[in-house]
Amino acid sequence: MSSPLTAGFCELVFNSADAPENVTPTLQVLSVKKINAPGASGQDRYRLILSDGKHFIQAMIATQLNGMVESKEIDKNVLIKLTGYVTNAVQGRKLVIILQLETVPWNGDKIGNPTNIEQQQQQGNQSSTSAAPQQAVPKQEVGGFQARQQSTAGRGGARAGAGAGGRGKAEVGPLYPIEGLSPYQNKWTIKARVTQKSDIKHYSNQRGEGKLFSVTFMDETGEIRATGFNEAVDNFYNLLEEGKVFFVSRARINIAKKQFSNVNNEYEIMFENQTEIEPCDDDTVPQVKYSFKGIDQLGETQKDELCDVIGVVREVGELGSVTSKATNKPFAKRDIQLVDSSGHSVRLTLWGKQAETFSADDQPVIAFKGVKVGDFGGRSLSMFSSATMSVNPDIPEAHQLRGWFDAEGRNTQFQQYTNSMNNASGAGGAGAGGVKPSELKTIGEAKDEGLGMSEKTDYFTTSATIAFVKQETFSYPACANPEGCNKKVVDDGTGWMCEKCDRKWDAPIHRYILSMNVMDHTGSFWITAFNEQAEQIMDVSANELMRLKDEGSDINSYFQKATGKTLAFQMMAKQDSFNDQPRVRYQCRKVNAPDYVSASAHLIALINSMNV
DNA sequence: CCCCCCCC
């Protein structure tokens with residue numbers, strides 16, 4: 001009977017010093033296990049036991065294939081064909097790292113009676129497993145990955161894989177995927193694109209003075225941060241250009257200090273004196289991938305979150321300087337205003353050299369990766385040192401924005417993020433300790449927890465029904481300045497005077513201050529909604545409603561229509577005093593259609609917490 | 001071996 005499995009594969013991996021080149025074995029999964037060491041980004045890692053029918057061997061699966069495990073495509077007794085993999089020697093044990101695979105149709109039966117290749121090897125070949133395996137050059141063989149790399153290398157094939165013996169210099173090991181790198185290997189080469197390069201940073205501490213820089217490398221399997229100190233700065237800083245592809249070898253792999261970077265890898269590279277870096281003109285290495293958030297969506301992100309944003313630079317601020325409170329050091333700073341086709345704008349701050357050298361005054365499209373969301377002025381963005389920006393990138397989103405801006409965006413009024421009362425942008429700073437804007441609270445909870453009773457402002461969302469809308473005072477006469485002033489104006493008999501704009505208008509524009517009583521099953525409270533939110537609730541502008549009222553129409557029906565609406569109110573609770581008595585002012589910052597799914601989840605959690 | 005990511 002012929003087995004569909006690649007007999008002898010385990011032995012080949014274990015015994016051969018030569019890479020099993022162009023071997024794409026078919027193996028059977030004996031078990032799948034989640035291991036207790038999630039990846040840098042918190043992703044799960046899965047270990048497989050793979051059988052060739054005679055022996056079995058341990059394997060790890062690259063995180064980008066996790067979905068196949070979670071969907072049970074990869075499961076016990078499934079046959080898989082490894083089309084991309086590397087092997088590692090880790091503390092004398094062999095491990096296959098699977099980078100690419102295909103499943104092979106099979107009836108689900110277990111094939112043969114495989115035994116552990118490790119035990120067999122330990123009995124039969126002591127020397128290869130016990131004698132200081134890390135000091136000895138670990139056996140590293142690269143399977144399908146290398147074959148695939150070479151076949152797609154094009155001109156970059158100048159640097160062939162291990163089999164071709166390097167680049168006329170010392171042997172530097174086989175071409176490795178970034179995902180396959182680990183501290184247990186010292187003989188590897190990666191072919192990767194620099195997606196980010198830092199400035200040169202100088203430091204001085206107890207150990208002395210020094211300088212350093214870091215880059216992020218990316219290939220089709222992942223990304224890794226690399227750092228170089230002192231001499232390495234001199235050797236490599238100018239060579240490594242953002243966006244270009246390089247071969248890197250003979251560097252150290254350390255455990256990543258993950259708290260200092262958002263690069264998704266458990267390890268990082270340290271450039272050393274013997275490190276070799278060579279440019280490569282292979283353009284098949286992937287480019288940076290973005291996951292853009294619309295500028296209007298920033299209200300949904302948490303403060304300090306990193307995100308990707310693309311926008312048109314509508315305004316470039318002056319170069320300024322600020323002194324850090326923490327270090328007393330001055331930093332160059334420049335604010336730019338970004339807009340996108342959502343009609344929203346946001347401020348983004350550049351720091352240091354980037355602030356100094358920024359010179360795009362032609363309203364370019366810029367794609368930002370990994371910028372930090374701040375809550376100043378509602379929402380703001382800040383360039384992080386690991387953030388990157390790409391001016392007029394050749395990606396569809398950029399072309400789209402360019403077309404939109406040139407056709408209409410140029411003349412659009414943009415909705416800004418602000419902390420002011422009239423902003424419809426949701427969020428706003430849930431300051432340290434403050435309730436997050438997205439956090440659901442019943443009215444009872446908001447009161448019981450004393451939201452808005454302390455110094456800080458609290459933000460929460462409540463799903464509630466409008467019980468009553470005050471009709472007597474629903475609006476105020478506001479400055480008619482089309483630039484958007486919104487200040488209250490007074491009629492002095494000759495016109496409506498705005499003190500802020502120092503202008504007089506024939507007629508004001510009425511804006512809402514809508515006072516409403518809303519309730520849920522736990523209670524009710526009075527809330528105030530300003531113009532934008534109130535318009536959404538009333539389905540008519542305050543100005544129009546005032547006109548109807550002035551001409552003697554019955555406007556009661558509008559208020560009746562609003563009454564009974566159930567909405568998700570994004571609320572701000574702030575301490576206030578009234579007749580010297582402290583009280584809480586509840587202001588509605590945004591209204592949405594009720595989100596029944598999260599509201600139900602919240603109620604279920606409440607019920608469960610009742611512990612009955 | 002750095003690791004600060006700032007200010008209004």
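Protein chains get the first letters and strands the later ones, always in sequence-line order, with residue 1 at the start of each.
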Just list the side-chain donor-acceptor pairs under 3.5 Å for residues 330-340 of chain A, sequence neighbours left out, or say none.
| residue | atom | partner | partner atom | Å |
| --- | --- | --- | --- | --- |
| A:K333 | NZ | A:D335 | OD2 | 3.4 |
| A:R334 | NE | A:A355 | O | 2.8 |
| A:R334 | NH1 | A:G317 | O | 3.0 |
| A:R334 | NH2 | A:A355 | O | 3.0 |
| A:D335 | OD1 | A:T349 | OG1 | 2.7 |
| A:D335 | OD2 | A:R347 | NH1 | 3.4 |
| A:Q337 | OE1 | A:R314 | NH1 | 2.9 |
| A:Q337 | NE2 | A:S345 | OG | 3.3 |
| A:D340 | OD1 | A:S342 | N | 2.9 |
| A:D340 | OD1 | A:S342 | OG | 2.5 |
| A:D340 | OD2 | A:I295 | N | 2.7 |

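- Of the possible donor and acceptor atoms, one in the side chain of A:D458 sits under 3.5 Å from a partner among the backbone N and O of A:G452.
- A:N230 has its CG atom 13 Å from the P atom of B:dC1, to the nearest Å.
- Listed candidates were B:dC2, B:dC3, B:dC5. Nearest to the side chain of A:L212 is B:dC2.
- Taking 3.5 Å as the limit, the base of B:dC2 and the side chain of A:R207 contain no donor-acceptor pair of atoms between them.
- With 3.5 Å as the limit, one finds a donor-acceptor pair spanning the side chains of A:R511 and A:N486.
- If you check every strand for non-hydrogen atoms under 4.0 Å, A:K329 touches nothing.
- Rounded to whole Å, atom P of B:dC5 lies 21 Å from atom CE of A:M389.
- Taking only distance into account, the side chain of A:R334 never meets the base of B:dC7 through a donor-acceptor pair shorter than 3.5 Å.
- Within the 4.0 angstrom heavy-atom criterion, no nucleotide atom of any strand lies near A:S214.
- Distances were taken from every side-chain heavy atom of A:W351 (C-beta onward) to each of B:dC7, B:dC3, B:dC4; the shortest belongs to B:dC7.
- Rounded to a whole Å, the CD1 atom of A:I200 is 20 Å from the P atom of B:dC1.
- In this structure, A:L350 atom CG and B:dC6 atom P are separated by 14 Å, rounded to whole Å.
- Residue-nucleotide stacking is present for A:F229 and B:dC1, judged by a side-chain ring centre under 5.5 Å from the six-membered base ring centre and planes under 30° apart.
- Contact check, A:N205 against B:dC2: a side-chain N or O comes under 4.0 Å of OP1 or OP2.
- Taking the six-membered ring for Trp and thresholds of 30 and 60 degrees, A:F229 and A:Y203 have ring planes more than 60 degrees apart, a perpendicular arrangement.
- One atom, CD of A:E356, and another, P of B:dC5, lie 19 Å apart when rounded to the nearest Å.
- Looking at heavy-atom distances under 4.0 Å, A:R252 makes no contact with the nucleic acid at all.
- Counting only distance, with no hydrogens or angles, the side chain of A:R225 and the backbone of A:V263 share no donor-acceptor pair below 3.5 Å.
- Distance from the side chain of A:F376 is smallest to B:dC8 among B:dC8, B:dC7, B:dC4.
- Nearest nucleotide to the A:Y203 side chain, out of B:dC7, B:dC1, B:dC8: B:dC1.
- Comparing B:dC2, B:dC6, B:dC8 by their nearest atom to the side chain of A:E268 picks out B:dC2.
- Rounded to whole angstrom, the span from the NE2 atom of A:H202 across to the C1' atom of B:dC2 amounts to 13 Å.
- Of all nucleotides listed (B:dC7, B:dC4, B:dC8), B:dC7 comes nearest to the side chain of A:K333.
- The interatomic distance linking A:Y237 (OH) with B:dC2 (P) rounds to 19 Å, in whole Å.
- The distance between atom CZ of A:F271 and atom C1' of B:dC1, rounded to the nearest whole Å, is 15 Å.
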